[in-house]
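To keep things clear, I will list the structure first and then write my remarks on it.
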Protein chains: 2
Amino acid sequence: MRQIKHPTIDQVELTDIMYALADPTRLEIVTLLAKAGRKMTCGEIDLNRPKSSMSHHFKILRSAGLVETLIEGTEHMNSLRLEEIEQKYPGVLNAVLKATAKS
Amino acid sequence: MRQIKHPTIDQVELTDIMYALADPTRLEIVTLLAKAGRKMTCGEIDLNRPKSSMSHHFKILRSAGLVETLIEGTEHMNSLRLEEIEQKYPGVLNAVLKATAKS
DNA sequence: TCTATAGTTCTATTATATTCGAACAATGAT
DNA sequence: ATCATTGTTCGAATATAATAGAACTATAGA
């Protein structure tokens with residue numbers, strides 16, 4: 001079962017995270033993952049956009065180090081890399097999530 | 001003395017802030033302003049780029065609500081809108097500044 | 001093996017951003 | 001008035017990103 005490659009946390013730049021979160025669709029994906037607090041498939045995160053568009057956004061979230069995707073069968077299980085990011089950039093992601101949680 | 005218009009804090013979207021901070025040049029401007037903790041002219045913030053490029057980045061920082069620019073004579077005095085942004089998005093900007101302060 | 005499912009990758013189109021020289025505007029000083 | 005200073009705006013080139021249909025890959029199940 002071939003898995004997707006992710007950046008190690010030390011490869012993650014702050015500007016990568018900012019860039020990934022600058023898109024409303026991606027911010028919503030991240031918010032939904034945080035609210036759920038569990039792994040979710042791409043299909044579960046339905047924002048009324050074509051698969052290819054969603055896949056594009058997931059790819060950017062992964063390359064920014066925000067999301068980890070594990071392949072399980074035909075499904076891709078996505079989760080936030082919250083702890084790792086908090087370790088490297090304390091408070092950043094949590095503050096963003098606190099802000100999006102209100103709306 | 002005609003002043004530049006800025007968005008009110010309630011007009012500032014989180015994605016605007018993320019977008020503005022996603023550019024390394026702009027993140028550096030914001031970091032320098034925070035470190036200085038005072039108003040700075042555009043000229044003081046010398047990142048070895050042409051005036052027009054710097055002006056462009058300041059414009060985006062202003063439109064994102066991150067920077068306030070007051071015209072004083074021929075100089076444009078820039079400052080971070082830290083308190084306002086902290087009020088609306090608690091922890092976000094401070095966490096980013098804490099991250100950039102280390103490097 | 002055939003089929004369905006989940007998601008990626010390819011490709012093209014369109015939209016946005018970045019960069020920076022040159023021209024411009026506003027102020028202050030001589 | 002003229003000139004220097006500070007920064008903006010314009011314009012055009014180049015680069016990067018978003019969008020989405022179509023083809024493709026990998027796995028699971030019948």
Side-chain angles (χ1 to χ4, degrees), chain A residues 1-7 13 15-30 32-33 36 38-80, chain B residues 1-7 13 15-30 32-33 36 38-80:
Chain A
M1 191 189 290
R2 169 82 90 332
Q3 293 292 341
I4 295 173
K5 285 211 176 175
H6 297 80
E13 305 275 340
T15 47
D16 297 337
I17 294 178
M18 296 295 110
Y19 164 66
L21 297 176
D23 181 275
T25 302
R26 291 194 292 265
L27 186 57
E28 198 169 353
I29 292 172
V30 166
L32 288 175
L33 282 173
R38 60 174 174 83
K39 293 178 189 171
M40 294 179 86
T41 65
C42 303
E44 272 184 294
I45 299 168
D46 187 2
L47 302 178
N48 285 321
R49 275 167 192 80
K51 284 193 306 177
S52 57
S53 299
M54 291 303 284
S55 184
H56 164 73
H57 287 304
F58 273 107
K59 188 175 190 175
I60 287 167
L61 287 170
R62 278 193 296 267
S63 71
L66 280 166
V67 166
E68 182 182 46
T69 303
L70 294 172
I71 302 176
E72 295 180 8
T74 61
E75 296 184 324
H76 290 205
M77 303 306 299
N78 302 286
S79 55
L80 266 191
Chain B
M1 192 189 289
R2 166 83 95 331
Q3 293 292 343
I4 295 173
K5 285 211 176 176
H6 298 79
E13 305 275 340
T15 48
D16 297 338
I17 294 177
M18 295 295 110
Y19 165 66
L21 297 176
D23 180 275
T25 302
R26 292 194 291 265
L27 185 57
E28 197 168 354
I29 293 171
V30 166
L32 288 175
L33 282 174
R38 59 172 175 85
K39 293 177 188 169
M40 294 179 85
T41 64
C42 303
E44 271 184 295
I45 299 168
D46 187 2
L47 303 178
N48 286 319
R49 276 168 191 78
K51 285 192 305 176
S52 56
S53 300
M54 292 303 285
S55 185
H56 163 75
H57 287 304
F58 273 107
K59 188 176 190 174
I60 287 168
L61 287 171
R62 278 193 297 267
S63 71
L66 279 166
V67 165
E68 182 182 44
T69 304
L70 294 173
I71 301 177
E72 295 180 9
T74 61
E75 296 184 325
H76 290 206
M77 303 305 300
N78 303 285
S79 55
L80 267 191

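A note on names: the letters A, B, ... follow the listed sequences, proteins ahead of strands, and every chain is numbered from 1.
If you measure from atom CD1 of A/Ile71 to atom C1' of C/dT8, you get 9 Å, rounded to the nearest angstrom. The nearest whole Å value for the distance from the CG atom in A/Asp16 to the C1' atom in D/dA17 is 15 Å. Distance A/Leu70 CG to D/dT27 P: 14 Å, rounded to the nearest Å. In this structure, B/His76 places its NE2 atom 14 Å from P of C/dA25, rounding to the nearest Å. C/dA26 atom P lies 21 Å from atom CE of B/Met77, rounded to whole Å. Atom CG of A/Asn78 and atom P of C/dG7 are 8 Å apart (whole Å).
Side chains of A/Cys42 and A/Asn78 form a contact here, defined as non-hydrogen atoms less than 4.5 Å apart. Residues B/His76 and B/Thr41 fail the side-chain proximity criterion, which asks for heavy atoms closer than 4.5 Å.
The side chain of B/Arg26 places an N or O atom within less than 4.0 Å of a non-bridging phosphate oxygen (OP1 or OP2) of C/dT18. Side-chain nitrogen and oxygen atoms of A/Arg62 include at least one within less than 4.0 Å of the OP1 or OP2 phosphate oxygen of C/dT8.
Legend: residues meeting side-chain contact (heavy atoms from CB on, under 4.5 Å) with B/Pro24, ordered by chain and number and at least two apart, are A/Thr15. The side-chain contact (heavy atoms from CB on, under 4.5 Å) check on A/Ser79 picks up A/Lys39, A/Glu68, with sequence neighbours excluded.
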Would you tabulate the side-chain donor-acceptor contacts of residues 54-62 of chain A under 3.5 Å, counting partners in other chains and residues two or more places apart, or write 'none'?
{"from": "A/His57", "atom 1": "ND1", "to": "A/Arg26", "atom 2": "NH1", "distance (Å)": "3.1"}
{"from": "A/Arg62", "atom 1": "NH1", "to": "A/Thr69", "atom 2": "OG1", "distance (Å)": "3.1"}

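Across C/dT5, D/dG7, D/dA17, the shortest atom-to-atom separation from the side chain of A/Tyr19 is found for D/dA17.
Residue pairs satisfying the salt bridge (charged side-chain N to carboxylate O under 4.0 Å, His left out) criterion with at least one member in residues 40-49 of chain A, sequence neighbours excluded, are listed as follows: A/Arg38-A/Glu44.
Within residues 51-60 of chain A, the residues having any heavy atom closer than 4.0 Å to DNA chain D are, in order of number, A/Ser52, A/Ser53, A/His56, A/His57, A/Ile60. Residues of residues 39-49 of chain A having a heavy atom closer than 4.0 Å to DNA chain D: none are found.
Mapped onto DNA chain D by nearest heavy atom, A/Pro50 and A/Thr74 fall at different nucleotides, with A/Pro50 at the one closer to the 5' end.
B/Ala64 and B/Ile17 get closest at one heavy-atom pair: O-CG1, 3.9 Å.
Although no hydrogens or angles enter the test, the distance criterion places a donor-acceptor pair under 3.5 Å between the side chain of A/Gln3 and the main chain of A/Ile71.
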